[in-house]
Amino acid sequence: MDYIPAKHLLHRNKSTEWFGTDHTMNIYRGCCHGCLYCDSRSFCYQNPDFDRVKAKENALSILRDDLARKVKPAFISMGSMSDPYNPFDREIQLTRHALELIDAYQCGVAVATKSDLIVRDIDLYRLIQEHSPVICKLTITTADDALSAKIEPHAPPSSRRLRALAELSGAGVFAGVLLMPVLPFVADFPKNVLSVVDSAARAGARFVYAAFGVTMRDGQRDFFLDGLNRAFPGQGVGEKYRKRYGTRYYCSSPRANELWELFSSRCKELGLLYEMRHIISAATKSYEDRQLSLFNE
């Protein structure tokens, strides 16, 4: 494990629209999941060695100092630029120790991951949830393990993520699914979308939040499109993207409207939250004294 210097771990968000969090923390830099579509590879993030995971030097002492300076408890997002549950954390446990500090300083946390290692820390999420909001988000772009192995080659298969979701939900932790990105020409089919929703419901998810499309930027675009061609040889998937989207940033699925109607209808039927304001409201309604109820109806 290589270490890189850092001055601060907590960074204030410009908006609380993304799951209600007011701060972001990435205790690692880079990711080894190898997901073809990952936007964090983009040149704008200045991390050319993205596939190599590095930890922030003195991360826990820096985080402790950052938390100690807060006038009121923060609601912290983890997993925006690197997965906090990469394989190395099984041994060095920086994420677990960070959660211990978050609990000690009475802060909330919203974590996004593709790893079932998250179940290791169920005890801490339950402790944090006693005083502050917790949102555990498992990214699941397909319920098909064979397809997930092609587009997310080094991440745990979707079936393991769904089992982790079931464990979190069974322990009373507020948890759900990020159904994003839904890749055009690859996963934007009703059967795929509805199978994720149905699987999430069976696992006890509180919500499924979806985006029917994908982003492409300089530095990530060629990696993504070349990767699609390798993953789906002879199908010309990369060429379909180049022809339809060119250098566009957000590439919405041609089926986006149809999928949204099917998706939202199934979520309603199964009692799953799917709109951001309702997810935030449900996760934070017991903590209104923390002024995190901006999105309540």
Side-chain angles (χ1 to χ4, degrees), residues 13-24 73-80 107-114 118 125-126 128-143 161-162 164-182 188 190 192-215 250 252-253 255-297:
N13 297 339
K14 294 180 180 179
S15 168
T16 58
E17 291 181 359
W18 184 248
F19 285 95
T21 58
D22 47 42
H23 287 76
T24 295
F75 189 14
I76 302 164
S77 177
M78 297 172 62
S80 61
C107 293
V109 64
V111 60
T113 183
K114 289 189 178 82
I118 189 174
Y125 290 118
R126 294 183 68 181
I128 295 169
Q129 202 166 250
E130 290 179 5
H131 54 74
S132 304
V134 168
I135 306 177
C136 290
K137 301 166 282 183
L138 278 295
T139 298
I140 301 173
T141 59
T142 175
R161 297 177 229 171
L162 286 164
L165 174 62
E167 288 194 50
L168 288 160
S169 300
V173 177
F174 190 93
V177 167
L178 294 179
L179 175 52
M180 56 193 307
V182 177
D188 61 338
N192 182 62
V193 170
L194 296 180
S195 67
V196 173
V197 175
D198 292 347
S199 298
R202 287 193 296 270
R206 297 290 303 278
F207 64 88
V208 178
Y209 188 72
F212 300 111
V214 66
T215 59
Y250 186 70
S252 180
S253 165
R255 300 184 177 91
N257 291 337
E258 171 196 355
L259 292 174
W260 174 258
E261 291 300 321
L262 291 169
F263 164 76
S264 58
S265 177
R266 185 63 65 88
C267 286
K268 289 176 185 176
E269 178 185 335
L270 296 173
L272 292 167
L273 302 171
Y274 60 93
E275 293 185 278
M276 183 62 73
R277 63 195 179 102
H278 294 150
I279 298 169
I280 295 172
S281 177
T284 63
K285 65 182 179 181
S286 299
Y287 313 98
E288 292 183 353
D289 59 334
R290 295 169 53 96
Q291 297 180 331
L292 293 174
S293 55
L294 299 177
F295 295 86
N296 286 356
E297 289 186 335

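V109 is listed as a side-chain neighbour of Y125, based on a closest heavy-atom distance under 4.5 Å. Between Y287 and Q129 there is a side-chain heavy-atom pair separated by less than 4.5 Å.
Shortest non-hydrogen contact noted between A112 and L178 is CB-CD1, 4.1 Å. In plain terms, the two heavy atoms of C107 and H131 that are nearest each other are O-CE1, 3.5 Å. Between A175 and L165, the shortest heavy-atom contact is CB-CD1, 3.7 Å. Minimum interatomic distance between L179 and V182 (heavy atoms only, all atoms of both residues): O-CG2, 3.6 Å. For the pair P190 and E258, the tightest heavy-atom approach, listed with the atom from each and the gap, is CG-OE2, 3.6 Å. Looking at every heavy atom in both residues, G176 comes nearest to A205 through CA-CB, 4.0 Å.
Applying the side chain to side chain donor-acceptor pair (under 3.5 Å) rule to R255 yields the partners D188; only residues at least two apart in sequence or on another chain are considered. Partners of T24 by side-chain contact (heavy atoms from CB on, under 4.5 Å), not counting sequence neighbours, listed by chain and number: N13, N26, S77, S80.
Counting only residues at least two apart or in different chains, side-chain hydrogen bond (donor to acceptor under 3.5 Å, both in side chains) contacts with residues 199-212 comprise S199-R202.
Interatomic distance, CZ of F207 versus CD of E275, reported as 14.0 Å (0.5 Å rounding).
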Taking distance alone, no hydrogens or angles, what donor-acceptor pairs closer than 3.5 Å link side-chain atoms of residues 259-273 to residues at least two apart or in another chain?
| residue | atom | partner | partner atom | Å |
| --- | --- | --- | --- | --- |
| S264 | OG | W260 | O | 2.8 |
| S264 | OG | E261 | O | 3.3 |
| R266 | NH1 | D198 | OD1 | 2.8 |
| R266 | NH1 | D198 | OD2 | 2.7 |

List, one per line, each side-chain donor-acceptor pair under 3.5 Å for residues 134-141, sequence neighbours excluded.
| residue | atom | partner | partner atom | Å |
| --- | --- | --- | --- | --- |
| T141 | OG1 | E152 | OE2 | 2.7 |

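At distances below 3.5 Å, not a single donor-acceptor pair connects side-chain atoms of S169 with backbone N or O atoms of A166. Of the possible donor and acceptor atoms, one in the side chain of D22 sits under 3.5 Å from a partner among the backbone N and O of F75.
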